[in-house]
Amino acid sequence: MTSPLEARSLSLIREGNDVLDGVSFTVAQGEIFALLGGNGAGKSSTLLTFLGFLEPSDGDVLVHGENVGSDIAAARSAIAYLPEAASLYGHMTAYENLDYFLDLAGKSAGRSDIDAALDRVALPDEARTRRLQSYSKGMRQKTAIALALLRETPILLLDEPTSGLDPVAIDEFHDLVTALAKGGQTILMVTHDVYGACQVADRIGLLRGGQLVGSFTAENGERIDTETVHAAFAQRQSA
Amino acid sequence: MSSAIRIAREEWRLWLRSKVVIAAALIIAVLLAATSFLTAGRVVDEQSQRLDKQVAAEEAFFSQPDRHPHRMVHYGHYAFRPPPPLAAFEPGVDAVTGQSIFLEGHRQNTAMFADTKASADLGGFATLSPANLYQLLLPLLLIVLGHALFLRERESGTLAVLLAQGQSGVKLAMGKGLALLSVIAALMIPLVAVAIYSISLGESAMAASSLVFSYFIYLCIWGALVLAASIILKQRAVSLGVLVFVWLFAALIVPRFAINASSAAIDAPGKIESDLIMLAEQRKLGDGHNAADPAFQRLQAQVLEQYEAETIEELPINWRGIVASYSEAELTDLLNEHAENRMGLEASQSRMFDLFGVISPTISIGSVSRTLSGTDLATHHRFLRESETLRFNFVQAVNQVHVEDLDYARDLNRNASDEAGQLARVSADSWKVLEEFRFVSDASGDRLSRAALSLGVMIAWLLASVSIVFLAARRVRM
Ligand SMILES: Nc1ncnc2c1ncn2[C@@H]1O[C@H](COP(=O)(O)OP(=O)(O)OP(=O)(O)O)[C@@H](O)[C@H]1O
Ligand SMILES: [Mg+2]
């Protein structure tokens, strides 16, 4: 069976700089793969290549075994993407934002579906009819997560999903992601939060300087050991 | 297509929630309504005034008492050019050319303004016509509204989200384009109202709707340029700056330059210079008031031979009338030749000016607008020609009365006494020779074919700018 997501010796050059250099990994269906790395490691860039926003300078990115470049539309319709900065419209309410983007995605969601998703991310009722320009960072992030949920795509690409969330919301989010994976969705999330990655990921890839320099897998139903990963992360960072 | 409509709708939501946009829209709406209303009112007034004056001038001529015919030649007549209905929108050259001419024997007067009020208006309000607003101000409004149409999404990161929902750059561009198109459609409403009003005043529906169509094309060109800039450029300030510069260039700099360039390239002699040349040539023709002028000896020989007479006294007709008629014809030939020369030069200058439409669509729309409205130079020239024909015909008709209805001996004797003067008159009935003059606009087909070249240039502009939008939109990755 082909994996939902696969990078094959993926290299990427952005404005003359090598950003990714021969990165290979696969994410299986229902798996949570966390790409961990420091600032500028190339995490966000990796997600962008899966969406066809950036073109690999070498190697391939595949979605459901299909080269992204050959059918960008197909890749995008299979993927829900949570961008690094929760980029939604400040002049619209949460309802309006979600309705608009879902409409453009060709997904019809009623008010009750939207409410259900906003319940899952715990966005307060009172906020839902306010314009996003009056939201806190975390509230915007929750709205953006709700959009990704509502797309109901087989694949989720999450860029720093817990950024801006308070500890309670982070825990709730981890439960949510775990549940989604159980439901069969394939999740690739990128983060520099070692603890968070260890909490949810089935597998962690350590990215540094555009290369995959380490890999950790949860075994026997246990979580990946935070200490080990942290040590590797810190070591690699200072190396 | 449905996604394009949705994107356009959301753009409207943003505009409607923006105080700046609403304020700008209100100001434009008030300006458009006010100028359309004011100019429409003025045109209706002027139309009826000038028609009244034309009729009054004809009645004054007809009601002259028994007179010596040559006194009627000098009494003269007026030709008036009423503004066409669409002048309410586009005053065109009417603002700078005269709209009435005093017609008299032996002279071609220049057109003058029908009344002092009209010329006093020139400095101030005449320049703020609805056409000017459409040509200059509305593109600026489109720039303000649209320079960040695409860029805003890029800058705020929502472009990536839109694309991630499966929208292509082209679809987004279509949505944004549709939003601008709907603005343009709304902006067309005042013009459509003026057009309908002008049709009710007798304007051809063809000309009026072509005018609406042309302005629609013109604003679409600007819309496409604005959209292209917002796709291609990466910063709001740069996009605004570039577009304002393009606007300055197309709407102000090129027209200025085009006027200078076309008048420099096609050199029309100054008025004093050409008047002097003409006077010299005129002197050679002889004075038509003096039948004894040696310039008329050959004519005399011809006429005597034709009537088999020995002396002019023996002629069955009035020799002084013959001379007046002959010299009027000669002089008119000369005057017409000069007038045609001057009009030819002006027409070539205006054609050359129109060519600059290739680098500025504002030039093309100006030309199309004046032509379709019937306020272009060609229409003014036709007025000059038709009023000249009117002049020549009435002068020669009165001269013919002089030839046939006034005895030569009595004519010669006219200054001997009051009584002799009374005898050297013809009946007031003779003044009926004056033709009725009603200046009307060109047929819409003629106007359209005159406007075709500039309209074609505009359509080429539109195709080019829309292509740029599509090419740029296809390259949008994020
Ligand atoms: N728009 C861009 N144009 C050119 N280079 C870029 C651009 N964005 C990022 N880069 C470069 O690509 C490299 C990887 O950036 P990327 O955003 O993928 O890092 P990241 O791992 O997501 O970092 P962070 O944790 O800070 O989000 C960096 O060296 C960065 O300078
Ligand atoms: Mg990043």
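Chain identifiers are assigned alphabetically (A, B, ...) following the order of the sequence lines, protein sequences preceding nucleic acid strands; residue numbering begins at 1 within each chain. None of these values were measured; they are calculated from a predicted model.
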* To do: Examine whether an atom of A/I72 lies under 4.5 Å from a heavy atom of chain B, and if so say whether it belongs to the side chain, the backbone or both; otherwise answer neither.
  =>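 The answer is the side chain of A/I72.
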* Charged N-O contact under 4.0 Å between A/E172 and A/R120 ->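 Looking at A/R120 together with A/E172, the answer is no, because their closest N to O distance does not fall below 4.0 Å.
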* Do NZ/NE/NH1/NH2 and the carboxylate oxygens of A/D166 and A/K137 come within less than 4.0 Å? -> no
* Distance only, no hydrogens: is a donor on one side chain within 3.5 Å (strictly under) of an acceptor on the other, for B/Q135 and B/Y215? ->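 There is such a pair between these side chains.
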* More than 12 heavy atoms of other groups within 6.0 Å of B/R17 CZ ->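 Result for CZ/B/R17: enclosed.
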* Asked: Is the gap between the ring centers of B/Y218 and B/Y134 under 6.0 Å?
  -> no
* Are B/F89 and B/Y197 near enough that their ring centres are under 6.0 Å apart? -> no
* Of all heavy-atom pairs between B/V183 and B/L142, which one has the smallest distance, and what is that distance? -> CG1-CD2, 4.1 Å
* How would you list, in number order, the residues of residues 455-467 of chain B that have a heavy atom less than 4.5 Å from chain A? ->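 Against chain A, none of the residues of residues 455-467 of chain B fall inside the cut-off of heavy atoms under 4.5 Å.
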* **Part of B/S156 within contact of chain A (heavy atom distance under 4.5 Å)** =>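 For B/S156, the backbone is the part near chain A, not the side chain.
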* Asked: Taking every heavy-atom pair that is under 4.5 Å apart, which of A/A144, A/A75, A/G52 has the most such pairs with chain B?
  ->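 Looking at each option in turn, the highest pair count goes to A/G52.
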* **Contact check, side chains of B/L133 and B/L32, non-hydrogen atoms, under 4.5 Å** => yes
* From A/N17, A/V23, A/T49, residue fulfilling side-chain contact (heavy atoms from CB on, under 4.5 Å) relative to A/L12 -> A/T49
* Structure fact -> ring-ring contact (aromatic ring centres under 6.0 Å, His included) filter on B/F257, not counting sequence neighbours, yields B/F356
* Proximity of residues 98-113 of chain A to chain B, residues having a non-hydrogen atom under 4.5 angstrom -> A/D99, A/Y100, A/F101, A/D103, A/L104, A/A105
* B/L14: side chain to side chain contact (heavy atoms under 4.5 Å, CB included) partners, not counting sequence neighbours -> A/H91, B/E11, B/R152
